Q: 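I'd like to ask some things about the structure below.
Naming convention: chains lettered A, B, ... in sequence-line order (proteins, then strands); numbering from 1 in each chain. Since this is a predicted model, take the numbers as computed values, not measurements. What's counted below: heavy atoms across the whole structure, side chains too, no hydrogens, waters or symmetry copies.
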Protein chains: 2
Amino acid sequence: MPPLHRVTIKEIAAMTGVSVQTVSRVLNKRPDVSPATRQLVEAAIEEHGFRPNAVARSLVNRRSRMLGVIASGLEYLGVGQTVTGIADEAEASGYSIILKELAGFDAPDIVPVIELLLEHRVEGIIFAGPQMVSNVRHVQEQLPAARPQIVFLKSDPSPDFTTIGIDNIAAGRLATEHLVTLGRRRIAHLAGPLDWREARDRRDGWRAALADAGLPAGPVATGDWFAGSGVTALEAILDEAPEIDGLFAASDLMALGAIQVAHRRGIRIPDDLAIVGFDGLREAAHFTPSLTTVVQPLTEMGRAAVRELVTGFEGGAGETPAPVRTLVLPTTLIYGESAPALVASSVGGRTAAGA
Amino acid sequence: MPPLHRVTIKEIAAMTGVSVQTVSRVLNKRPDVSPATRQLVEAAIEEHGFRPNAVARSLVNRRSRMLGVIASGLEYLGVGQTVTGIADEAEASGYSIILKELAGFDAPDIVPVIELLLEHRVEGIIFAGPQMVSNVRHVQEQLPAARPQIVFLKSDPSPDFTTIGIDNIAAGRLATEHLVTLGRRRIAHLAGPLDWREARDRRDGWRAALADAGLPAGPVATGDWFAGSGVTALEAILDEAPEIDGLFAASDLMALGAIQVAHRRGIRIPDDLAIVGFDGLREAAHFTPSLTTVVQPLTEMGRAAVRELVTGFEGGAGETPAPVRTLVLPTTLIYGESAPALVASSVGGRTAAGA
DNA sequence: ATGAAAGCGCTAACAC
DNA sequence: GTGTTAGCGCTTTCAT
């Protein structure tokens with residue numbers, strides 16, 4: 001059973017013959033303790049392996065030094081990078097994180113999770129799940145009035161909440177424009193699930209780039225972000241439009257599935273079909289062929305989220321309403337063999353989509 | 001600043017005209033409250049969005065309902081799966097998890113993290129980092145006497161600690177034996193970093209299988225688990241021994257790098273070189289060619305770890321020393337094109353390495 | 001430089 | 001059924 005007896009401050013006080021208060025002073029490295037007593041107390045602490053109870057401290061200080069993180073899809077590449085960024089930055093700022101993984105994305109599932117985080121008195125919440133058509137809005141509407149600051153990752157900018165993400169439309173454009181530059185004229189799209197905001201935006205960017213280039217919108221098929229769905233989706237597209245010569249996949253994993261299909265059908269990459277992925281997974285450089293992809297600063301998003309929260313705490317000393325900010329991080333195109341950079345072209349490859 | 005004023009039980013009591021204790025009873029769904037008062041109190045709770053302070057509860061109950069998780073390399077596949085398993089099972093058992101990500105693996109880095117977890121009075125700890133040559137042992141030696149149960153994932157069985165993992169030697173054998181079955185005679189190995197126990201064990205399994213088959217140990221090169229190192233390592237091997245016809249890679253990602261090298265050098269897979277990977281990443285089924293790989297039950301390891309902890313709490317009602325157990329989970333070989341199953345052979349593919 | 005008293009928000013143990 | 005008293009382990013007044 002958990003109630004292992006740990007030494008308490010009271011016991012340290014008793015055994016050293018000082019008051020509880022003095023021990024507390026030593027613990028908090030207060031200057032007003034005589035060197036002799038300090039040493040005495042420290043010796044006792046050391047000897048008994050005493051560690052102050054953070055729960056009791058949180059209660060009296062009203063500071064939990066905890067951040068709540070709501071994530072989803074940790075078992076896939078990408079999400080883990082964001083959580084790593086969050087964990088690292090939190091650690092550096094002296095915070096711990098409570099991680100909650102969501103099974104589904106429906107708002108009714110999310111609200112109780114937030115409530116639980118609030119019960120633990122987390123000082124801030126990072127919502128690292130994806131924005132679906134309505135889940136984030138629902139969450140935002142159902143949030144209790146008295147709540148710590150909450151940062152939404154990869155969500156629509158909002159006047160009421162801090163959001164951190166990339167410009168998916170611009171990034172979708174970037175990917176597609178590269179294919180256009182390579183001379184591709186029939187450019188298809190492997191979209192993510194269209195109830196995800198990111199999926200819609202990337203598709204819209206693809207459409208816009210094609211329209212700008214005066215090209216017809218090629219065929220689209222949707223997947224679920226993962227490799228298996230890339231297979232099915234590209235097969236569907238090829239059955240319908242075997243003449244496509246360019247493909248923009250909304251995730252690197254779907255692109256991986258697409259490569260597999262192309263290989264099986266004897267379609268050469270990039271000669272017959274140039275492919276651009278999305279995410280910038282490290283592994284993409286080792287696909288065969290290596291993948292040209294739009295890099296998302298996933299780790300940086302996590303770090304930025306923690307910084308927003310932590311500086312928020314320190315900024316407003318009182319009841320200043322948390323400052324709402326909208327961060328749009330830059331994306332980059334890195335070139336692989338699947339859609340190589342034009343040799344004699346401009347250096348390119350960098351898009352700063354806002355700030 | 002965090003000290004947002006949240007409603008307290010005392011305030012609910014005051015506004016409903018009952019005692020704090022009665023509100024507490026309602027909160028804990030005790031039967032000894034009259035329907036009328038219960039309804040009254042519930043209405044007030046609802047109206048003010050009151051949520052009990054879990055910190056205060058933890059203090060008085062001496063139950064934090066928190067589990068500490070120490071992980072590393074979350075941004076890579078595999079670890080995320082384990083953490084997902086942990087998070088899911090914890091959720092199902094009514095526990096929350098505090099996640100600590102480690103930058104390095106040195107014991108001196110790990111102990112303070114454990115101390116911090118102890119300060120938060122977690123009821124159990126899951127060490128999901130890898131076992132290096134000495135880190136786990138050091139941690140085990142430096143553990144404070146009064147501590148909750150701690151489960152080590154992927155570590156050597158120990159008489160003093162619960163460990164959960166697979167039999168990496170048997171699994172390395174399994175992979176290698178399959179290559180032998182396919183008629184390969186010069187079987188090389190892409191090892192993980194040899195200061196990792198798992199890397200050593202897999203290599204030893206490979207060696208043992210070759211010895212059993214009366215084959216000479218082929219060349220070995222080590223990598224860092226990731227795709228890039230698979231490239232370098234296979235290149236080194238090929239330069240030394242271009243005649244190899246089989247390859248056992250200690251991770252799927254290194255196998256991915258190996259596939260890339262083979263492709264560039266015009267080596268056909270599996271005709272010229274059959275490859276077996278390790279991990280069982282979902283993505284491996286979509287490599288080109290798809291990968292034959294040893295599946296580790298990563299998610300299940302996470303789940304099992306939580307179950308060990310939670311049943312441990314409930315089992316021993318008093319100061320029973322936590323029951324130490326050693327769990328060895330089974331591994332499976334799944335077949336891809338890189339080292340196909342023998343068509344007319346036995347069903348095969350399942351090894352139950354202990355229990 | 002040190003101690004005594006009060007209280008953080010809640011629950012357990014006892015009254016009535 | 002409900003209220004009162006005590007106390008979880010610690011930090012904050014305010015004395016001395």
Side-chain angles (χ1 to χ4, degrees), chain A residues 1-42 44-45 48-66 118-123 146, chain B residues 1-42 44-45 48-66 118-123 146:
Chain A
M1 279 245 58
L4 303 163
H5 184 67
R6 295 216 112 226
V7 185
T8 70
I9 195 176
K10 200 187 276 181
E11 294 171 293
I12 296 290
M15 60 184 49
T16 51
V18 302
S19 74
V20 171
Q21 183 46 228
T22 300
V23 179
S24 173
R25 286 185 178 107
V26 172
L27 283 179
N28 295 288
K29 306 209 185 305
R30 290 275 170 61
D32 52 350
V33 181
S34 78
T37 5
R38 162 164 284 130
Q39 216 173 323
L40 181 70
V41 173
E42 278 170 349
I45 288 174
H48 297 270
F50 167 73
R51 312 245 85 209
N53 183 328
V55 176
R57 278 183 154 171
S58 291
L59 184 61
V60 53
N61 291 334
R62 276 96 168 278
R63 303 278 272 106
S64 63
R65 296 219 146 255
M66 289 275 186
L118 295 182
E119 289 180 22
H120 281 285
R121 297 301 186 263
V122 295
E123 298 183 25
Chain B
M1 280 244 58
L4 302 163
H5 183 67
R6 294 215 112 226
V7 184
T8 71
I9 195 175
K10 199 188 278 180
E11 293 172 295
I12 297 290
M15 59 185 47
T16 51
V18 301
S19 76
V20 170
Q21 186 46 233
T22 299
V23 179
S24 174
R25 286 187 179 107
V26 172
L27 283 178
N28 294 287
K29 306 209 186 303
R30 290 276 171 62
D32 53 349
V33 180
S34 79
T37 14
R38 163 164 281 128
Q39 214 173 326
L40 181 71
V41 173
E42 277 171 348
I45 288 176
H48 297 271
F50 167 74
R51 310 245 85 208
N53 184 330
V55 176
R57 280 182 154 171
S58 292
L59 183 61
V60 52
N61 291 335
R62 277 99 166 276
R63 302 278 272 108
S64 64
R65 297 217 145 255
M66 288 275 185
L118 295 182
E119 290 181 22
H120 282 283
R121 297 301 186 264
V122 295
E123 297 181 25

Q: Judged by each residue's nearest nucleotide on DNA chain C, which is more toward the 5′ side, B:R25 or B:N53?
A: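 Its nucleotide being nearer the 5' end, the pick is B:N53.
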Q: On a heavy-atom basis, which atom in A:P52 and which in A:L27 lie closest, and how many Å separate them?
A: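 Taking every non-hydrogen atom into account, CB-CD1, 4.1 Å.
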Q: Does the side chain of B:R62 get closer than 4.0 angstrom to OP1 or OP2 of D:dG9 through an N or O atom?
A: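 Result: yes.
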Q: Quick check on C:dG7: is either OP1 or OP2 less than 4.0 Å from any side-chain nitrogen or oxygen of B:K10?
A: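 Answer no for this pair, as no side-chain N or O of B:K10 is under 4.0 Å from OP1 or OP2.
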Q: Output the rounded distance in Å from CZ (B:R6) to C1' (C:dC8).
A: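 Taking CZ of B:R6 and C1' of C:dC8, I get 16 Å after rounding.
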Q: Using the side-chain heavy atoms of A:N61, tell me which of these nucleotides is nearest: C:dT11, D:dT12, D:dG1.
A: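 Among the listed nucleotides, the one closest to the side chain of A:N61 is D:dT12.
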Q: Using whole Å, report how far CD1 of B:I12 lies from P of C:dT11.
A: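 Taking atom P of C:dT11 as the reference, CD1 of B:I12 is at 13 Å.
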Q: Among the candidates C:dG3, C:dA1, C:dT11, find the nucleotide nearest to the side-chain atoms of B:S24.
A: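 Out of C:dG3, C:dA1, C:dT11, the nucleotide with an atom closest to B:S24's side chain is C:dT11.
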Q: When you measure from the side-chain N and O atoms of B:R57 to the phosphate of C:dA12, is any distance below 4.0 Å, counting only OP1 and OP2?
A: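 Checking C:dA12 against B:R57, no side-chain N or O comes under 4.0 Å of OP1 or OP2.
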Q: What is the distance, rounded to the nearest whole Å, between atom CD1 of B:I45 and atom C1' of C:dC10?
A: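 Whole-Å distance recorded here is 13 Å.
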Q: Output the distance between atom OG (B:S64) and atom NE2 (A:H120), rounded to the nearest 0.5 Å.
A: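 Answer rounded to 0.5 Å: 8.0 Å.
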Q: How close do B:L59 and A:A56 get, counting heavy atoms only, and between which atoms?
A: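 In terms of heavy atoms, the two residues are closest at CD1-CB, 3.8 Å.
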Q: Check this for me, if you would: do B:E123 and B:R65 make a salt bridge, where the nitrogen-to-carboxylate-oxygen distance has to be below 4.0 angstrom?
A: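 No.
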Q: Taking the side chain of B:T22 as its heavy atoms from C-beta onward, which of C:dA1, D:dG3, C:dG9 lies nearest to it?
A: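 Nearest to the side chain of B:T22 among the choices is D:dG3.
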Q: Between A:L40 (CG) and C:dT2 (P), how many Å, whole number?
A: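 Nearest whole value for this atom pair: 10 Å.
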Q: Please report the distance, rounded to the nearest Å, between CG in B:N28 and C1' in C:dC10.
A: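 Answer to the nearest Å: 9 Å.
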Q: Among C:dC10, D:dT12, D:dC8, find the nucleotide with the atom closest to the side chain of A:Q21.
A: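 Nearest to the side chain of A:Q21 among the choices is D:dT12.
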Q: Nearest of C:dT2, D:dT2, C:dC10 to any side-chain atom of B:D32?
A: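 Nucleotide nearest to B:D32's side chain: D:dT2.
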Q: Among the candidates C:dG9, D:dT11, D:dC8, find the nucleotide nearest to the side-chain atoms of B:A56.
A: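 The answer is C:dG9.
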Q: Please determine, for the side chain of B:V33, which listed nucleotide (C:dG9, D:dT2, C:dG3) has the closest atom?
A: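 Ranking C:dG9, D:dT2, C:dG3 by closest atom to the B:V33 side chain puts D:dT2 first.
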Q: Counting any heavy atom closer than 4.0 Å, what does A:V18 reach on the DNA or RNA strands: base, sugar-phosphate only, or nothing?
A: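 Sugar-phosphate contact only.
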Q: Taking the side chain as every heavy atom from C-beta outward, state whether A:V7 and A:I45 have any pair of such atoms under 4.5 Å apart.
A: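 Side-chain contact under 4.5 Å: no.
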Q: Starting at NE2 of A:H120 and ending at C1' of C:dC10, how long is that distance when rounded to a whole Å?
A: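 To the nearest whole Å, that distance equals 14 Å.
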Q: Considering only C:dG3, C:dC10, D:dG9, which nucleotide approaches the side chain of B:I9 most closely?
A: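 The nucleotide sitting nearest to the side chain is C:dC10.
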Q: Does B:R30 place a side-chain N or O at less than 4.0 Å from the phosphate oxygens OP1/OP2 of C:dA12?
A: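 Yes, B:R30 has a side-chain N/O under 4.0 Å of OP1/OP2 on C:dA12.
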Q: Look at all strands and tell whether B:S58 reaches a base, only sugar-phosphate, or nothing, counting heavy atoms closer than 4.0 Å.
A: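 Nothing, no nucleic acid heavy atom in range.
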Q: Heavy atoms from C-beta onward define the side chain here; which of D:dG9, D:dT2, C:dA12 lies closest to that of B:S34?
A: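 Selected nucleotide (nearest to the side chain): D:dT2.
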Q: Ignoring hydrogens and geometry, is there a side-chain-to-backbone donor-acceptor pair from A:T16 to A:L40 under 3.5 Å?
A: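 Judged by distance alone, no pair lies under 3.5 Å.
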Q: Does B:R121 reach a base, just sugar-phosphate, or nothing at all? Heavy atoms under 4.0 Å.
A: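 No contact.
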Q: If you assign each of B:V60 and B:G17 to its closest nucleotide in DNA chain D, which residue comes earlier from the 5' end?
A: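 The residue closer to the strand's 5' end, by nearest nucleotide, is B:G17.
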Q: What's the closest nucleotide to the B:L59 side chain, out of D:dG9, C:dA4, D:dG3?
A: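 Nearest listed nucleotide: D:dG9.
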